[in-house]
Amino acid sequence: MNDMQSLYRIAVLAGDGIGPEVTAEAVKVLKAIEEINGPTFRFQSGLIGGCALDQTASPLPAETISICNNSNAVLLGAVGGPQWDSKRPELRPEQGLLQIRQRLGLYCNLRPAKVLDALVNMSALKPPRVKGTDLVIVRELMGGIYFGNPRGIFTKNGERYGVNTEIYREHEVERVAHRAFQLARLRRHKVTSVDKANVLESSRLWREVVTRIGQSYTDVELNHLYVDSCAMQLIDRPTSFDVILTNNMFGDILSDEAAMLTGSIGLLPSASLGEHSALYEPVHGSAPDIAGRNKANPLAAIASAALMLRYTLRMESAALAIEEAIERILKRGVRTADLPGKARPTSTTKMGDLIAETTQKILKSANSKKKR
Ligand code: NAD
């Protein structure tokens with residue numbers, strides 16, 4: 001497709017706390033790309049989380065769902081804050097997030113964990129062990145123990161039982177497995193499927209289905225690990241992983257472990273994909289402790305916009321330009337307050353300006369090379 005003629009609708013759900021600050025920087029970078037490479041981005045804002053509760057009494061108003069359904073992709077900031085913590089569970093900002101995943105059918109969550117050379121000292125591990133780590137966790141997001149029935153706390157024979165049920169249907173495993181293999185084809189052609197097939201029937205089905213799907217991707221190497229072994233190997237030899245495919249609960253835990261390999265929550269982007277929708281958001285929360293002070297690190301939100309360009313809008317060169325800009329700026333020693341460094345910390349808006357300018361420079365230079 002010729003970018004000059006493309007129009008992309010992006011729903012912007014900035015949310016609470018630092019959400020609006022970091023999302024504004026991601027939009028700034030997308031507008032900078034628009035100036036150079038010509039696709040038109042049409043941004044439309046919607047409410048989600050605490051700000052939506054305050055204005056509409058719902059954490060996910062119908063209007064927001066409609067905006068998302070009419071968009072090519074959704075860019076989300078973060079939700080939540082102490083002012084809503086005492087509300088009933090169904091009236092908490094986080095409900096907005098859970099509901100939007102269900103409403104948009106986002107069954108596949110991608111969490112990249114890449115250790116940047118400029119920040120290798122921030123890792124929880126020693127640099128020689130972690131240098132070069134570049135992996136993605138593909139987590140099934142709509143099934144498994146978080147949603148299975150029966151669930152609840154019941155009393156039987158005078159004793160209370162807490163019950164949750166892990167259920168996976170074959171098609172739920174198939175669709176997320178296809179995503180993982182397709183992703184591996186864009187990377188280093190390796191999928192590690194993680195389960196607990198030595199104990200759980202749901203995992204035995206998982207392994208059987210992933211193995212079958214893998215037979216149609218003969219160019220991708222597939223191996224299987226039990227989740228306990230994977231947790232160890234992530235620490236022992238993190239550079240050996242490419243794509244890790246796993247269920248909802250194991251993915252929840254392993255993706256936080258992988259985050260510690262990179263050392264900073266302010267840098268980690270994520271994508272949640274469905275058949276017809278996709279939502280991109282930083283991994284971090286609304287950071288109420290620093291909200292409104294122009295101190296937040298916008299790089300995770302900006303890197304989430306890069307994932308949007310790559311996976312939904314198929315603008316790989318623009319995605320790479322943003323990622324390259326982030327690396328260059330960090331290599332130069334520029335740091336927001338959450339990152340250790342010698343120079344005076346830079347503000348959220350200044351960091352956004354630098355990434356936008358550098359992304360433009362990278363794209364201009366690539367365009368002039370193409371013309372030559
Ligand atoms: P958090 O991620 O908001 O903050 C944890 C710590 O990291 C804080 O010290 C914060 O200042 C810092 N931090 C986070 N993002 C940063 C950034 N971009 N730049 C600089 N520093 C950053 O997690 P929390 O404190 O556990 O939760 C705060 C609120 O966010 C809660 O209401 C929680 O429910 C919500 N939350 C939302 C999401 C989401 O929207 N996806 C995710 C996690 C937590």
Side-chain angles (χ1 to χ4, degrees), residues 11-29 46-54 59-60 64 68 74-102 104 106 109-111 119 122 124 139 141 146 248 251-253 255-256 259-260 262-272 279-305 307 326 329-330 334-341 345-352 354-355:
V12 181
L13 315 185
D16 309 316
I18 61 168
E21 296 168 64
V22 296
T23 314
E25 300 313 306
V27 169
K28 184 189 282 177
V29 174
L47 294 169
I48 192 167
C51 59
L53 277 167
D54 289 349
L60 184 67
T64 301
C68 294
V74 182
L75 210 51
L76 191 137
V79 301
Q83 61 271 52
W84 299 285
D85 280 353
S86 54
K87 301 260 182 183
R88 294 201 313 272
E90 65 276 20
L91 289 181
R92 297 249 178 97
E94 292 75 9
Q95 276 300 318
L97 271 186
L98 295 177
Q99 287 175 19
I100 201 167
R101 286 177 185 160
Q102 293 293 321
L104 300 182
L106 307 174
N109 181 243
L110 305 187
R111 288 252 312 243
L119 297 179
M122 285 186 65
R139 166 186 170 196
L141 203 57
Y146 292 174
N248 204 342
D252 192 2
I253 298 165
S255 54
D256 275 9
M260 289 315 294
T262 69
S264 170
I265 197 158
L267 292 173
L268 295 171
S270 79
S272 299
L279 182 147
Y280 297 87
E281 61 179 321
V283 164
H284 61 72
S286 60
D289 51 334
I290 56 165
R293 292 162 58 191
N294 203 12
K295 274 179 78 170
N297 184 346
L299 293 180
I302 294 171
S304 300
L307 295 186
I326 292 174
I329 292 300
L330 290 173
V334 180
R335 300 282 188 270
T336 41
D338 55 309
L339 303 173
T346 200
S347 65
T348 310
T349 45
K350 180 71 187 157
M351 183 60 106
L354 289 169
I355 303 295

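Residue numbers run from 1 in the order of the sequence given. Note that ligands are numbered from 1 as they come in the structure, with each ligand's atoms numbered from 1 the same way. We use all heavy atoms of the structure for the numbers below, so side chains are in, but hydrogens, waters and symmetry mates are not.
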S.K.: Carefully, step by step, assess D54 and Q83 under the rule side chain to side chain contact (heavy atoms under 4.5 Å, CB included).
M.R.: CA-CA 10 Å; D54 289 349; Q83 61 271 52; 5.6 Å; no
S.K.: Quick check on atom 15 (N) of ligand 1 - does any protein heavy atom sit closer than 4.0 Å to it?
M.R.: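 Under 4.0 Å from atom 15 (N) of ligand 1, at least one protein heavy atom found.
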S.K.: Using modelled atom types and a 3.5 Å cut-off, is there a donor and acceptor pairing between side-chain atoms of R335 and backbone atoms of L330?
M.R.: yes
S.K.: Has ligand 1 got any nitrogen or oxygen that is less than 3.5 angstrom from a nitrogen or oxygen of D85?
M.R.: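 Checking ligand 1 against D85, no N or O pair falls under 3.5 Å apart.
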S.K.: Checking contacts here: is it the side chain or the backbone of L97 that comes within 4.0 Å of ligand 1, counting heavy atoms only? Could be both or neither.
M.R.: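 Under 4.0 Å from ligand 1, L97 contributes side-chain atoms alone.
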S.K.: Which ligand 1 atoms, with their elements, are less than 4.0 angstrom from a heavy-atom of I290?
M.R.: 11 (O), 20 (C), 21 (N)
S.K.: Could you tell me whether a side-chain N or O of T23 sits under 3.5 Å from a main-chain N or O of G19, the two making a donor and an acceptor?
M.R.: yes
S.K.: Using 0.5 Å steps for rounding, measure from the CD1 atom of I18 to the CG atom of N294.
M.R.: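 Rounded to the nearest 0.5 Å, the CD1-CG separation comes to 11.5 Å.
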S.K.: Quick one: nearest non-hydrogen protein atom to atom 25 (O) of ligand 1, plus distance?
M.R.: P288 CD, 4.8 Å
S.K.: Does this structure show an ion pair linking R111 with D256, if we count only N-O contacts that are shorter than 4.0 Å?
M.R.: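 Result for this pair is yes, salt bridge flagged.
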S.K.: Quick one: does P282 get an N or O within less than 3.5 Å of an N or O on ligand 1?
M.R.: no
S.K.: Any nitrogen or oxygen of E94 lying under 3.5 Å from a nitrogen or oxygen in ligand 1? Just yes or no.
M.R.: yes
S.K.: With a cut-off of 4.0 Å, which atoms of ligand 1 are near a heavy atom of A78?
M.R.: 40 (O)
S.K.: Pick whichever of P298, A337, A291, S286 has a heavy atom sitting closest to atom 29 (C) of ligand 1.
M.R.: S286
S.K.: Identify all side-chain donor-acceptor contacts of residues 92-102 below 3.5 Å with residues at least two apart in sequence or on another chain.
M.R.:
from	atom 1	to	atom 2	distance (Å)
R92	NE	D85	O	3.1
R92	NE	K87	O	2.9
R92	NH2	D85	O	3.2
R92	NH2	K87	O	3.1

S.K.: Is the closest side-chain heavy-atom distance between L75 and E281 below 4.5 Å?
M.R.: no
S.K.: So which protein heavy atom does atom 7 (O) of ligand 1 come closest to, and at what separation?
M.R.: I265 CG2, 4.0 Å
S.K.: Does S286 reach the main-chain N or O of A78 with its side chain, forming a donor-acceptor pair under 3.5 Å?
M.R.: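 Side chain of S286 to backbone of A78, a donor-acceptor pair under 3.5 Å: no, none is there.
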S.K.: Which atoms of ligand 1 have any heavy atom of G285 under 4.0 Å away?
M.R.: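 By the 4.0 Å cutoff, the relevant atoms are 1 (P), 2 (O), 3 (O), 30 (O), 36 (N), 37 (C), 38 (C), 42 (C), 43 (C), 44 (C).
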S.K.: Determine, considering heavy atoms only, which of V79, V283, D289 sits nearest to atom 35 (C) of ligand 1.
M.R.: V79
S.K.: Say whether A300 and ligand 1 are in contact under the criterion: heavy-atom distance to a ligand atom below 4.0 Å.
M.R.: no
S.K.: Sub-3.5 Å donor-acceptor pair from the side chain of T348 to the main-chain atoms of K295, do we have one?
M.R.: yes
S.K.: Do D16 side-chain atoms and G81 backbone N/O form a donor-acceptor pair below 3.5 Å?
M.R.: no
S.K.: Give the numbers and elements of all ligand 1 atoms closer than 4.0 Å to a heavy atom of G80.
M.R.: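 Near G80, the atoms of ligand 1 are 32 (O).
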S.K.: Regarding ligand 1, does G81 bring an N or O atom to under 3.5 Å of one of the ligand's N or O atoms?
M.R.: yes
S.K.: Can you list the atoms of ligand 1 that are under 4.0 Å from a heavy atom of I18?
M.R.: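 It comes down to these atoms of ligand 1: 15 (N), 16 (C), 17 (C), 18 (N).
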S.K.: Treating E21 as the side-chain partner and G292 as the backbone partner, does any N or O pair qualify as donor plus acceptor under 3.5 Å?
M.R.: yes
S.K.: Can you name the atoms of ligand 1, numbered from 1 with element, that are less than 4.0 Å from a heavy atom of E281?
M.R.: 41 (N)
S.K.: For S272, what residues pass the side chain to side chain donor-acceptor pair (under 3.5 Å) criterion, not counting sequence neighbours?
M.R.: N109
S.K.: Output yes when the distance from some N or O of ligand 1 to some N or O of A296 is under 3.5 Å, and no in every other case.
M.R.: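 In fact, backbone or side chain, A296 has no N or O that close.
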S.K.: Identify the closest protein heavy atom to atom 12 (C) of ligand 1: which residue and atom is it, and at what distance?
M.R.: A287 CB, 4.4 Å
